[in-house]
Amino acid sequence: MDAIRGTASGSAPVPLSVLDLATVGSGTTATAALRTSVGIARRAEARGFHRYWVAEHHSMPGVASSSPAVILAHIAAHTERIRLGSGGVMLPNHAPLVIAEQFGTLEAFAPGRVDLGLGRAPGTDGATAAALRRTDRLNEGADDFPQQLAELTRFLDDDFPDGHPYARIHAVPGPVQGPAARPPIWLLGSSGFSARLAATLGLPFAFAHHFSAQNTLPALDLYRESFRPSAVLDAPYALIGVSALAADDETEARRQVLTGALSMVRLRTGRPGLIPTPEEAAAYAFSPLEREFVDSWLGNVVHGTPDAVRSGLDDLAKRTGADELMITANAHGGDARLRSYELIADAYGLPHLG
């Protein structure tokens, strides 16, 4: 089985996958959010979604995914087939050896099912990034990304050359213990930097269309035009993250996605908090500037009835030429998110795999 390329199921134009932010709604808890994450992963597996990823965020009350490796270990114990990965781990926040150890451990838990998606942003604000990295020289960390990536790859492959300071250091679990597969590396991005780097190294690329839609086509074009075949890939392979939510009727879908929009308004204005309820979002008095932001934000969220969402996803796949769509459903409650994935699976006639 191909460790990178997926296979489309049902009538879907490309493989469908899940990006889970483990969102915490007002009136609920992180415990409830993480239980929902298990439910989403199990539902995704049962309905033939290709992979399930979680994203690293910090100091955001409405997001419980600060530790992707910990979440993925738990999800691995509750699933059997679906690919599991990070979308992504923010490499400058961590020592490459630590990531190699964490994902080597995950590979040992779930052999042949683990993806290592890497980003270069901090996944949080500057002050929190400084606390994570024990330095306020944040730009330097991002600029060092290619070197950090090369070091991480060496640890995963256990192939530092003789004479290198790390030649006698081994990431365990890993190849030093015997022949072993290792998680494929993906580069994540919301601009052209990671697109170009992924292309140069011949790696798969994941673009954050769900929050950087204006850069999607330029980044994908750059990735494809610059791609160099490698031992990993003989041709470009790009997925895009897309925010999508289906409900039984259009009104309910609008109620649900407005909660995510209000949450983003608060985050962008320095007031992060738990995901508001649909009632709170409906009653909120948006300023003209906030309303403009919400309208723009929701313009990139595929939402509505299952048929409308299917049509929107089909159009997005056609416009971007994406090889895979990774769907994130942002809403206050876990039931709405679970229902959305089920409705999307039904709309495409995805199988019931049990």
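If you're wondering where the values come from, they're calculated on a predicted model, not measured in any experiment.
Under the 4.5 Å side-chain criterion, counting only non-hydrogen atoms from C-beta, Asp323 is not in contact with Val14. Side-chain atoms of Ile185 and Leu149, non-hydrogen and from C-beta on, do get closer than 4.5 Å to each other.
In this structure, the side chain of Gln102 does not engage the main chain of Ala69 through any donor-acceptor pair within 3.5 Å. No donor-acceptor pair closer than 3.5 Å links the side chain of Arg196 to the backbone N or O of Ser226. Judged by distance alone, the side chain of Thr305 and the main-chain N or O of Ala308 form a donor-acceptor pair under 3.5 Å. Looking at Glu56, its side chain does come within 3.5 Å of a backbone N or O of Met90 through a donor-acceptor pair. Under the 3.5 Å distance criterion, the side-chain polar atoms of Ser230 are matched with a main-chain donor or acceptor of Leu233. Formation of a donor-acceptor pair under 3.5 Å by the Glu45 side chain with backbone atoms of Arg81 is found in this model. A donor-acceptor pair under 3.5 Å is formed between the side chain of Tyr341 and the backbone N or O of Ile327. In terms of modelled atom types and a separation under 3.5 Å, the side chain of Arg113 and the main chain of Thr79 share a donor-acceptor contact. Remark: side-chain polar atoms of His303 are paired, donor with acceptor, to backbone N or O of Val301 under 3.5 angstrom. Within the 3.5 Å criterion, the main-chain N or O of Ile4 finds a donor-acceptor partner in the side chain of Arg51.
Side chain to side chain, Asp314 and Ser311 fail the donor-acceptor criterion of an N or O pair below 3.5 Å. Side chain to side chain, Glu151 and Gln147 fail the donor-acceptor criterion of an N or O pair below 3.5 Å.
Taking a cutoff of 4.0 Å between a charged side-chain nitrogen and a carboxylate oxygen, Glu342 and Arg42 do not qualify as a salt bridge. Comment: Asp307 engages Arg310 in a salt bridge, judged by a side-chain N to carboxylate O separation of less than 4.0 angstrom.
For residues 8-24, the pairs satisfying side chain to side chain donor-acceptor pair (under 3.5 Å) are Ser17-Glu324, Asp20-Ser37, Asp20-Tyr52, Asp20-Arg337, Thr23-Arg337, with sequence neighbours left out.
With rounding to the nearest 0.5 angstrom, the CG atom of Leu353 is 11.5 Å from the CD atom of Glu80.
Taking the ring centroids of Phe155 and Tyr166, they lie under the 6.0 Å cut-off.
Here the closest non-hydrogen pair linking Arg266 and Pro276 is NH1-CB, 3.8 Å.
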(request) Any chance you could lay out the salt bridge (Lys or Arg N to Asp or Glu O under 4.0 Å) test for Arg339 and Asp335, step after step, and finish with the verdict? (result) CA-CA 6 Å; Arg339 178 66 174 159; Asp335 289 346; over 6 Å; no
